[in-house]
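Take a look at the structure set out below.
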Amino acid sequence: MQVQQYPTEQADALDLMVNMGPQHPSTHGVFRVVIWVDGERIVRAEPHIGYLHRGSEKLCEGELYSQVITLFDRLDYVGNLNCELAFVLAAEKLMGIEVPERAEYIRVILSELNRIASHMLFYGVYGLDVGAMTPVLYGFRERERIQELFESVTGARMMHNYFRIGGVKDDLPADFPIRMNRLMEQLNQGIAECDELLSQNEMFLARTKGIGAVSAEDALEFGITGPALRASGVAEDVRISEPYSIYDRFDFGIPVGTYGDCWDRYYVRMEEMRQSMRIIEQAMAQMEDGPITANVRRIARPPKGEVYVRTESPRGDFAVFLVSDGTDKPYRVKVRAPSFANLQAFKHMLRDAYVADAVVILGSIDIILGEVDR
């Protein structure tokens with residue numbers, strides 16, 4: 001900590017410079033922000049990223065297309081399947097592959113379950129950010145149930161490596177419908193319990209209402225997407241505006257907020273879990289038996305060309321720009337990571353906020369440093 005002279009209206013005023021992170025647990029990863037405070041108010045902030053940079057995009061250039069999927073698992077490491085889906089969709093678009101119906105339904109079901117698991121993690125740790133302990137116990141209980149199902153399907157709790165170019169790795173277990181019915185009942189009850197526990201809590205409202213507000217215009221200017229954008233009142237969802245996979249077959253809504261503050265960003269995610277449940281219920285009812293993989297070569301060699309594919313990850317518009325030179329390895333892979341884009345608004349949100357609200361505002365953005373730094 002050090003004292004630094006900073007221009008203000010009063011020439012004799014001193015603003016205190018404070019380092020938050022990179023070891024701070026409430027930064028949701030190895031993230032650092034330097035803030036200048038005047039009393040209890042933040043007058044300036046400078047985020048610093050890059051502590052988790054691993055060169056993932058460059059590493060893709062030295063891997064087979066099938067191996068790149070494992071690298072995408074480690075970008076948004078709590079929305080693994082959503083990241084896998086974006087890459088395989090890009091490769092399939094480049095190769096002109098038609099994915100079997102059953103594989104499409106499996107992908108959608110697992111991706112929406114992953115969205116719920118991600119939002120449950122957000123729910124739990126956001127409770128900790130505002131000083132509540134019980135929400136993390138509720139959230140992790142539901143997340144654990146989903147991860148147990150993932151383990152039975154993919155063989156892994158998180159780094160699944162399950163989606164394939166042309167389909168999925170394996171068919172669903174024989175008892176999957178039974179397990180899903182039980183899980184759906186538990187999740188419906190769990191989401192309701194989580195909502196009842198925290199959403200209208202008096203102290204939670206005091207810590208989040210009117211804090212870190214972003215207007216719709218500013219949100220669009222900053223490039224915010226996903227729940228953080230919808231919280232500002234913009235009804236934009238890639239699954240509806242530019243449907244991919246089979247999302248155009250499902251009936252679901254887009255939850256939107258009013259003020260774009262921390263509470264709106266929180267509650268949009270609560271409502272999104274209910275919409276994901278609607279999608280899963282419809283997908284389970286429509287899914288039929290059939291092949292799970294298209295007839296594709298084991299080692300993919302897409303033709304020369306480039307594609308851009310957008311998807312709606314738990315954090316927003318997750319897109320992949322893929323360039324092929326005709327070999328078995330990508331020439332270039334560029335990721336449009338929503339956490340990175342959403343973080344651009346952090347300085348704006350912190351301006352004139354209290355120091356005590358810095359962690360609350362950062363938590364409401366729900367960043368994952370794995371896709372911020374890449």
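Quick note: residue numbers are just sequence positions, from 1. Remember, it's a predicted structure, so these values are computed and weren't measured experimentally.
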Inset, instruction - Please check if the side chain of S276 supplies one atom and the backbone of I116 the other of a donor-acceptor pair under 3.5 Å. - result: no
Legend entry - With sequence neighbours excluded, residues passing ring pair (Phe, Tyr, Trp, His ring centres under 6.0 Å) with Y244: Y247
Inset, instruction - Report yes or no: is the cationic atom of R32 (NZ for Lys, CZ for Arg) closer than 6.0 Å to the six-membered ring centre of Y51, at no more than 45° off its axis? - result: no
Legend entry - Ion pair check, R239 and E312, cut-off under 4.0 Å: no
Inset, instruction - Scan side-chain atoms only and decide if E193 and Q189 contain a donor-acceptor pair under the 3.5 Å cut-off. - result: yes
Legend entry - Short side-chain to backbone donor-acceptor contact, S152 and L149, under 3.5 Å: yes
Inset, instruction - Determine, for R269 against E272, whether the closest basic-nitrogen to carboxylate-oxygen distance falls under 4.0 angstrom. - result: no
Legend entry - Nearest heavy atoms of L205 and S199, plus distance in Å: CD2-O, 3.5 Å
Legend entry - R310/E236 salt bridge by N-O under 4.0 Å criterion: yes
Inset, instruction - Report yes or no: does R315 contribute a side-chain atom to a donor-acceptor pair with the main-chain N or O of I367 at less than 3.5 Å? - result: no
Inset, instruction - Tell me yes or no: between the side chains of D195 and Y267, is some donor less than 3.5 Å from an acceptor? - result: yes
Legend entry - Residues D366, R265: salt bridge by 4.0 Å N-O rule: no
Inset, instruction - Classify the ring geometry between Y266 and Y126 as parallel (under 30°), tilted (30 to 60°) or perpendicular (over 60°). - result: parallel
Inset, instruction - Under the side chain to side chain donor-acceptor pair (under 3.5 Å) rule, collect the residues that match up with Q286, sequence neighbours excluded. - result: Y105
Inset, instruction - Please answer whether the main-chain N or O of I240 pairs with a side-chain N or O of D248 as donor and acceptor at a distance below 3.5 Å. - result: no
Inset, instruction - Taking all heavy atoms of Y123 and all of L197, pick out the closest pair and write down the distance. - result: OH-CD2, 3.5 Å
Legend entry - Atom of S56, atom of L71 and distance for their closest heavy-atom approach: O-CD1, 4.2 Å
Inset, instruction - State plainly whether one hydrophobic cluster holds both I211 and L128, where clusters connect Ile, Leu, Val, Met, Phe, Trp and Tyr through side-chain heavy atoms under 4.5 angstrom apart. - result: yes
Inset, instruction - Would you sort out whether Y259 and S215 count as a side-chain hydrogen bond (donor to acceptor under 3.5 Å, both in side chains), showing the intermediate values? - result: CA-CA 7 Å; Y259 306 106; S215 67; over 6 Å; no
Inset, instruction - Please name all residues satisfying side chain to side chain donor-acceptor pair (under 3.5 Å) with D264, sequence neighbours left out, ordered by chain then number. - result: none
Legend entry - Heavy-atom pair with the smallest gap, counting every atom of S339 and I368: OG-N, 3.2 Å
Legend entry - With E63, the side chain to side chain contact (heavy atoms under 4.5 Å, CB included) member among V68, T70, I69: V68
Legend entry - Candidate list D328, V307, L94, test side chain to side chain contact (heavy atoms under 4.5 Å, CB included), partner P302, passing option: L94
Legend entry - Atom of V153, atom of P173 and distance for their closest heavy-atom approach: CG2-CD, 3.9 Å
Inset, instruction - Measure from NZ or CZ of R278 to the centre of the six-membered ring of F252 and say whether it is under 6.0 Å with the direction within 45° of the ring axis. - result: no
Legend entry - Check ion pair R41-D352 (N to O, under 4.0 angstrom): no
Inset, instruction - Take E185 and R182 through the test salt bridge (charged side-chain N to carboxylate O under 4.0 Å, His left out) and record every step on the way to the result. - result: CA-CA 5 Å; E185 292 177 5; R182 184 168 65 247; over 6 Å; no
Legend entry - Pair R157 + E144, salt bridge at N-O below 4.0 Å: yes
Legend entry - Side-chain donor-acceptor pair present, H160, E84, cut-off under 3.5 Å: no
Legend entry - Test item: T311 side-chain N/O and S313 main-chain N/O as donor-acceptor pair under 3.5 Å: no
Inset, instruction - Say whether F318 and L229 are linked into one hydrophobic cluster, either directly or through other cluster members, by side-chain heavy-atom distances under 4.5 angstrom. - result: no
Inset, instruction - Over all heavy atoms of both residues, which pair between R301 and G326 is shortest? Give the atoms and the distance, please. - result: CB-O, 4.1 Å
Inset, instruction - Output yes when E112 and R107 qualify as a salt bridge under the 4.0 Å nitrogen-oxygen rule, no when they do not. - result: no
Inset, instruction - Examine distances only and state if a side-chain atom of T293 and a backbone atom of V168 form a donor-acceptor pair shorter than 3.5 Å. - result: yes
